[in-house]
Amino acid sequence: VGGQVLLAARPPYKSAYAAWIDQLKRRVEKHGARILTGVAVNRDSFRNEKPEYVILASGGFNTIPDIKGADLPGVCEAWSLLRGDKPVKKCIIVIGGGLVGMETADYLYAQGADEVVVLEGESRSPVSTLTSHGYMLHRRLRQAGLKLILGAKVKEIREDGVLAVINGEEQIVNGEQIVLALGTSPNNELREVLEQEGIPYRMVGDANKTGRIIEAVESGAQAAWELD
């Protein structure tokens with residue numbers, strides 16, 4: 001249990017998130033809730049269990065870009081690296097300079113990467129240095145030697161790197177591992193099933209709208225508070 005919060009706990013200095021999940025799990029179990037893992041939920045599940053109400057907190061999917069070469073063997077999602085499913089190589093390109101991309105870069109350096117380049121499409125970093133976390137993250141990455149390229153429009157992923165438009169010119173950025181960190185899309189596939197079965201429900205967190213952890217927690221709490 002824990003979903004994306006467990007992934008958020010993987011970069012340096014963020015282990016408190018994992019401890020928080022452990023604390024929540026203990027509190028839930030203390031109050032008598034059953035936690036079932038490794039269980040696929042589908043239409044038959046709802047018909048068998050006959051729930052009176054469903055809070056759909058199914059999180060989100062990695063956003064996969066429609067870019068030529070995104071399916072090459074050397075390309076992986078940020079989450080797969082954070083989970084430890086993929087080995088960390090030495091020369092890495094991260095596509096996406098939002099919080100996930102920047103924190104993944106921080107994690108990659110901690111895991112032994114020699115060179116990390118982050119390509120961000122916006123002209124300014126989406127990770128604000130006005131927050132303490134953003135400031136320290138940018139500082140650590142500068143000290144580690146991160147190359148953050150802003151205004152980079154990726155056109156193609158190749159076996160030896162990425163073709164991108166940077167400052168109006170096509171350039172090749174070389175790397176042996178390409179990491180996709182382009183955000184999250186809602187995982188709300190069960191919504192249609194719930195509607196067809198006539199089961200009252202409410203979607204919370206990224207299943208409803210992708211956002212920050214605090215917003216997901218608030219929406220889940222609000223859904224619980226409004227139960228009769």
Side-chain angles (χ1 to χ4, degrees), residues 2-14 17 59-129 131 133-134 136-142 144-158 161-166 173-187 205-206 209-213 215-216:
Q4 294 177 56
V5 178
L6 294 183
L7 300 178
R10 297 286 288 167
Y13 306 104
K14 297 195 68 183
Y17 282 103
F61 297 115
N62 267 310
T63 299
I64 306 300
D66 184 19
I67 298 174
K68 183 179 179 181
D71 57 349
L72 287 172
V75 180
C76 62
E77 300 171 3
W79 291 1
S80 64
L81 285 172
L82 294 172
R83 283 194 301 262
D85 297 341
K86 299 282 186 178
V88 174
K89 297 187 178 181
K90 294 299 182 180
C91 183
I92 305 172
I93 300 170
V94 178
I95 300 178
L99 192 57
V100 173
M102 295 288 277
E103 289 188 344
T104 298
D106 201 16
Y107 171 82
L108 295 174
Y109 276 120
Q111 296 299 309
D114 290 335
E115 180 180 351
V116 181
V117 177
V118 173
L119 301 178
E120 168 55 41
E122 299 297 325
S123 58
R124 297 180 61 181
S125 172
V127 180
S128 173
T129 57
T131 66
H133 175 58
M136 295 303 296
L137 180 59
H138 275 279
R139 180 182 177 185
R140 280 198 307 276
L141 290 173
R142 282 197 306 271
L146 174 78
K147 187 174 182 181
L148 173 60
I149 302 178
L150 299 173
K153 308 299 183 183
V154 176
K155 296 188 65 176
E156 181 182 349
I157 299 173
R158 302 178 176 180
V162 170
L163 173 65
V165 176
I166 302 170
V173 182
N174 293 314
E176 60 179 329
Q177 188 172 37
I178 315 300
V179 181
L180 303 178
L182 293 166
T184 306
S185 301
N187 176 12
D206 281 356
K209 181 181 179 182
T210 57
R212 298 176 300 168
I213 292 174
E215 294 162 345

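The chain is numbered in sequence order, starting from 1. These numbers come from a predicted model, not from an experiment.
Between V116 and T104 there is no side-chain heavy-atom pair separated by less than 4.5 Å. Two residues are said to be in side-chain contact when any heavy atoms from C-beta on lie closer than 4.5 Å; Q177 and L81 meet this criterion. Counting heavy atoms from C-beta on, the side chains of E77 and I64 come closer than 4.5 Å. Here the side chains of M136 and Y13 are not in contact, with every heavy-atom distance at 4.5 Å or above. Put simply, the side chain of S125 does not reach to within 4.5 Å of the side chain of E120, judged on heavy atoms. Here the side chains of L146 and Y109 are in contact, with some heavy-atom distance below 4.5 Å.
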- side chain to side chain contact (heavy atoms under 4.5 Å, CB included) evaluation trace for E103 with V127: CA-CA 10 Å; E103 289 188 344; V127 180; over 6 Å; no

- Query: Checking side chain to side chain contact (heavy atoms under 4.5 Å, CB included) for the pair L99/H133: CA distance, chi angles, key distance, verdict?
  - Reply: CA-CA 10 Å; L99 192 57; H133 175 58; 3.9 Å; yes

- Message: Under the criterion side chain to side chain contact (heavy atoms under 4.5 Å, CB included), I'd like the reasoning laid out for V162 against V117: C-alpha separation, chi angles, the key distance, then a yes or no.
- Response: CA-CA 11 Å; V162 170; V117 177; over 6 Å; no

- Task: Go through the steps to decide whether I166 and I149 satisfy the test side chain to side chain contact (heavy atoms under 4.5 Å, CB included), and finish with yes or no.
- Result: CA-CA 8 Å; I166 302 170; I149 302 178; 3.8 Å; yes

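The two atoms that bring Y17 and A9 nearest to each other are CB-CB, 3.8 Å, heavy atoms only. Looking at every heavy atom in both residues, I157 comes nearest to V75 through CG2-CG2, 3.6 Å. The minimum heavy-atom distance between R158 and L163, with the atom names listed, is NH2-CD2, 3.4 Å. When all heavy atoms of I67 and K155 are compared, the closest pair comes out as CG2-O, 3.8 Å. Across V88 and Q111, no two heavy atoms sit closer than the pair CG2-CB, 4.0 Å. Counting all heavy atoms, side chain and backbone alike, A78 lies closest to A181 at CB-CB, 4.1 Å.
Here the CD1-SG distance, from I178 to C76, works out to 9.0 Å after rounding to the nearest 0.5 Å.
At distances below 3.5 Å, at least one donor-acceptor pair connects side-chain atoms of K153 with backbone N or O atoms of G121. Although no hydrogens or angles enter the test, the distance criterion places a donor-acceptor pair under 3.5 Å between the side chain of K90 and the main chain of G112. Between the side chain of E115 and the backbone N or O of C91 there is no donor-acceptor pair closer than 3.5 Å.
Residue E122 qualifies as open at atom CD: its count of foreign heavy atoms under 6.0 Å is 12 or below. Within 6.0 Å of NZ on K86 lie no more than 12 heavy atoms contributed by other residues, nucleotides or ligands. With a 6.0 Å radius and a threshold of 12 heavy atoms from other residues, nucleotides or ligands, F61 has its CZ atom above the threshold.
With sequence neighbours excluded, the residues forming a salt bridge (Lys or Arg N to Asp or Glu O under 4.0 Å) with R83 are D85, listed by chain and number. The side chain to side chain contact (heavy atoms under 4.5 Å, CB included) search around T184 returns Q4, W79, D206, T210, not counting sequence neighbours.
Tested against I93, the residues V118, N174, L119, V179 include a single side-chain contact (heavy atoms from CB on, under 4.5 Å) partner, L119.
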